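Here the structure is laid out as structure tokens; the discussion comes afterwards.
Per chain, numbering begins at 1; letters A, B, ... match sequence-line order. All values derive from a computational prediction rather than experimental measurement.
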Protein chains: 2
Amino acid sequence: MSSISFIGTGNMARTIGTRAVAGGNTVEIIGRDESKAADLAHALGGGTTTGKWGAVPAGDIVIAALLYDAVVPAITQFGDALAGKVIVEISNPFNATFDGLAHSEETSIAQEVAKVAPADASVVKAFNTIFRNVLEKGRPDVFIAGDDAPAKADVAAFIKSLGLRSLDVGGLKMAHWLEGAGVVTVGLAGNGVGHWDFALGANDFSG
Amino acid sequence: MSSISFIGTGNMARTIGTRAVAGGNTVEIIGRDESKAADLAHALGGGTTTGKWGAVPAGDIVIAALLYDAVVPAITQFGDALAGKVIVEISNPFNATFDGLAHSEETSIAQEVAKVAPADASVVKAFNTIFRNVLEKGRPDVFIAGDDAPAKADVAAFIKSLGLRSLDVGGLKMAHWLEGAGVVTVGLAGNGVGHWDFALGANDFSG
């Protein structure tokens with residue numbers, strides 16, 4: 001099992017954290033607001049601990065569970081405290097009309113995190129194509145992207161512990177297109193699918 | 001049923017054309033090389049006809065079944081011959097390393113087609129996330145994008161006649177992100193999925 005620290009105390013930390021505890025992982029919650037972190041740790045149970053904002057996280061895998069525009073500032077603030085960590089970046093940087101990304105250039109929050117993270121940290125994009133409500137109850141595919149194969153293997157093992165299938169899409173630059181897949185998912189919810197209880201998956205037709 | 005013209009005589013015209021004939025649609029093949037068009041029309045059967053390159057297509061729906069860099073030149077060449085048509089654009093403008101798009105700006109071949117097509121033609125992006133081998137034997141979801149609702153309804157009816165589910169992702173600018181979903185699909189084939197017999201789909205978790 002994995003040792004996981006969440007930076008953030010919001011809905012995604014709660015949802016992934018719930019599955020992480022159920023999957024037997026060691027979980028730590030780190031919030032700017034320590035009382036919110038304590039509340040979430042208590043709610044998650046299973047020995048979930050709290051950490052101090054900006055200090056070295058207990059987990060080997062650090063999940064940045066923050067709104068997209070808070071991610072790079074937080075990783076910058078943690079700085080060398082994240083040395084050697086696997087940083088999982090899960091955000092969707094939607095534009096104001098939810099039909100594109102907030103950054104016009106061909107990048108991603110994950111790639112921007114890699115620029116400010118310690119040199120020996122590894123960044124993996126994951127989970128961003130999955131709506132929270134689906135993650136609460138279903139078994140959607142989890143697409144991951146990153147440049148470091150051992151880091152991706154660690155994240156894949158963690159995802160497996162959640163009862164989910166991870167699917168590697170390639171290097172970290174693919175994080176841009178995973179963010180685009182998030183845009184497609186929201187587009188489907190508002191148009192052809194018409195609800196939020198679905199997720200993109202890789203469906204097999206080899207049979 | 002629909003009346004369909006294919007511009008192009010390659011693999012995608014053959015694959016979609018086969019399903020189109022099976023679905024009871026009227027099919028026309030238009031090729032620069034008229035003998036190739038005649039060969040494909042003969043192979044498809046079901047009364048498939050051939051048209052003349054650059055002349056008014058017989059079909060109400062015109063599928064540009066060409067390599068991505070040939071699409072805009074062909075639509076430009078047809079010009080006013082495409083007045084009033086629904087133009088379906090299906091290409092994947094991959095870069096040389098298949099991990100991004102050939103155009104660096106946030107556009108799509110479908111949007112570029114809309115710029116050169118007659119003002120009363122409508123452009124719909126469709127089919128690009130589906131590998132040909134899957135389209136030959138499976139029932140993958142077909143994602144569509146376009147600005148004109150009646151045109152999308154026409155394309156959706158055609159897709160239904162193929163035995164497939166169409167899913168609207170939104171306006172034509174979403175074609176860029178559908179092209180990105182094509183990049184994700186190729187990334188999955190080369191990495192986490194490891195084969196080409198799959199397609200992205202919208203999987204329901206509402207149950």
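- Residues of residues 93-109 of chain B that come closer than 4.5 Å to chain A, counting heavy atoms only, are B:Asn95, B:Asp99, B:Gly100, B:Leu101, B:Ser104, B:Glu106, ordered by residue number.
- Using non-hydrogen atoms only and a strict 4.5 Å limit, no part of residues 66-89 of chain B faces chain A.
- The NE2 atom of A:His195 lies 4.5 Å from the CG atom of B:Asp204; values are rounded to the nearest 0.5 Å.
- Within residues 155-173 of chain A, the residues having any heavy atom closer than 4.5 Å to a heavy atom of chain B are A:Leu167, A:Asp168, A:Val169, A:Gly170, A:Lys173, listed by residue number.
- Within the 4.5 Å cutoff, side-chain heavy atoms of B:Val184 are placed close to those of A:Trp177.
- Side-chain contact between B:Val183 and A:His176: absent, with no pair of heavy atoms (C-beta onward) separated by less than 4.5 Å.
- Rounded to the nearest 0.5 Å, atoms CG (A:Leu200) and CG (B:Asn203) are 8.0 Å apart.
- The candidate from A:Gly207, A:Ala181, A:Ala202 with the greatest count of non-hydrogen atom pairs under 4.5 Å with chain B is A:Ala202.
- Applying the 6.0 Å contact sphere to CZ of A:Arg19 captures more than 12 heavy atoms from other residues, nucleotides or ligands.
- Across B:Asp197, B:Leu178, B:Thr185, B:Val186, the residue that shares the most heavy-atom pairs under 4.5 angstrom with chain A is B:Asp197.
- Using a 4.5 Å heavy-atom threshold, the side chains of A:Pro140 and B:Phe205 count as touching.
- Taking chain B as the reference chain and counting heavy-atom pairs below 4.5 Å, the highest number among A:Gly180, A:Ala199, A:Gly194, A:Gly187 is found for A:Ala199.
- Against chain A, the residues from residues 115-137 of chain B that qualify, each with a non-hydrogen atom under 4.5 angstrom away, are B:Val134, B:Lys137 in number order.
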